[in-house]
Number of protein chains: 2
Amino acid sequence: MTKNFNFIEKLRETGLRPTKQRVKICEVLFNRDKTFHFTINDLVKKISEELNEKISLATVYNTVHALQKKGYLKEISINSDKSYFDTNTTVHHHFYDEDTHQLIDCDENEIENVNVKNNITGKKINSVEVLVRVASDNQNQN
Amino acid sequence: MTKNFNFIEKLRETGLRPTKQRVKICEVLFNRDKTFHFTINDLVKKISEELNEKISLATVYNTVHALQKKGYLKEISINSDKSYFDTNTTVHHHFYDEDTHQLIDCDENEIENVNVKNNITGKKINSVEVLVRVASDNQNQN
DNA sequence: TCAACAGTTTAGAATAATTATAATTTATAA
DNA sequence: TTATAAATTATAATTATTCTAAACTGTTGA
């Protein structure tokens, strides 16, 4: 049950013109139960799988960045060769599975509040986020 | 006072052949008081500034990765367009100054131990690291 | 309703970081 | 010293991302 109207409204509210492509990208991103973690490549793949459509790479980049700038998406740095995005835009923590390269949200109560006792003078803290790297117990040589 | 012998020994110990280039890179990286945070580009620049030498880009990449694999360097992900490395290879936390794009080590006592209460089943925790993003108080529009 | 215009999309070129290749050179063990 | 395995190098290739300029589309207001 796809409620595109939602997205059209949402996009309009933030001053993004609700074009066909943007609405479709929003469908793929936000019509989900769970948070969606993805790279641009994942997203392009999903679009062609789920919608059977081709949206130009440039448009996907533009749209994702537009959504991010407007606060609908959050960029997450895990490794340096790719950008990950997260549909959960709140400040929250992650597990990163080094075997499968999967990113998993931490439940709020899985990590205690992190207490930063000192800060750089003259600066304000924008976010405090924890990355827990996990891997299967065996393959740890070399 | 450059003690290359140290590096020659150290490299040899871990099974890295102490070539001219590797020893020079080690000098630049490890003959410092403070932890050194750098991108490959920073490093290449430092090499040509401090040693007045040109080491091929490929060699710098290879060497940095070799050092990293052997545990002399640690890779850190802040943003996705570049790899940062850190000569402090212990598990520790960082401030990232979003204005200047500088990475700063947290002192051990600046952040309380992070308590991860739940883990992904079947996986073991490799590291738990905090990134505190800071920025100057003003420029926060858009 | 429709014209006009600004904002979008698009394919493809350009760029930047990184990795691969293959020939040459070097460190080291015998 | 010499053979050989490993390292270095310049350069090409690759990959992720951004830019560009032309074509297209959503929106505004006459």
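Hydrogens, waters and symmetry mates play no part in the numbers below; they use all other heavy atoms, side chains included. Bear in mind the structure is a predicted one, so any value in this text is a computation, not a measurement. Each chain gets a letter, A, B and so on, in the order its sequence line appears, and its residues count up from 1.
Checking side-chain atoms of B:N62 against main-chain N and O of B:T59 turns up no donor-acceptor pair under 3.5 Å. At least one donor-acceptor pair closer than 3.5 Å links the side chain of A:K70 to the backbone N or O of A:T14.
Taking 3.5 Å as the limit, the base of D:dA6 and the side chain of B:R17 contain a donor-acceptor pair of atoms between them.
If you check every strand for non-hydrogen atoms under 4.0 Å, B:L57 touches a base.
Annotation: of the two residues near DNA chain C, B:Q21 and A:L16, the 5′-most nearest-nucleotide partner is A:L16. When the nearest nucleotides of DNA chain D are assigned to A:I40 and B:T19 by heavy-atom distance, the more 5′-ward of the two goes with B:T19.
Ring-plane geometry between B:Y84 and B:Y96 is classed as perpendicular, the angle between the planes exceeding 60 degrees on a 0 to 90 degree scale with a lower cut at 30.
Residue A:K54 has a polar side-chain atom (N or O) positioned under 4.0 Å from OP1 or OP2 of C:dA11. Phosphate proximity of C:dT18 to B:H65: absent, as no side-chain N or O sits under 4.0 Å from OP1 or OP2. Applying the 4.0 Å criterion to OP1 and OP2 of D:dT17, one finds that A:S83 has a side-chain N or O inside that range.
Comparing atom distances between the A:A58 side chain and each of C:dT18, C:dT10, D:dA7 picks out C:dT10 as nearest. Which of C:dA20, D:dT8, C:dT8 sits closest to the side chain of A:R22 comes down to C:dT8.
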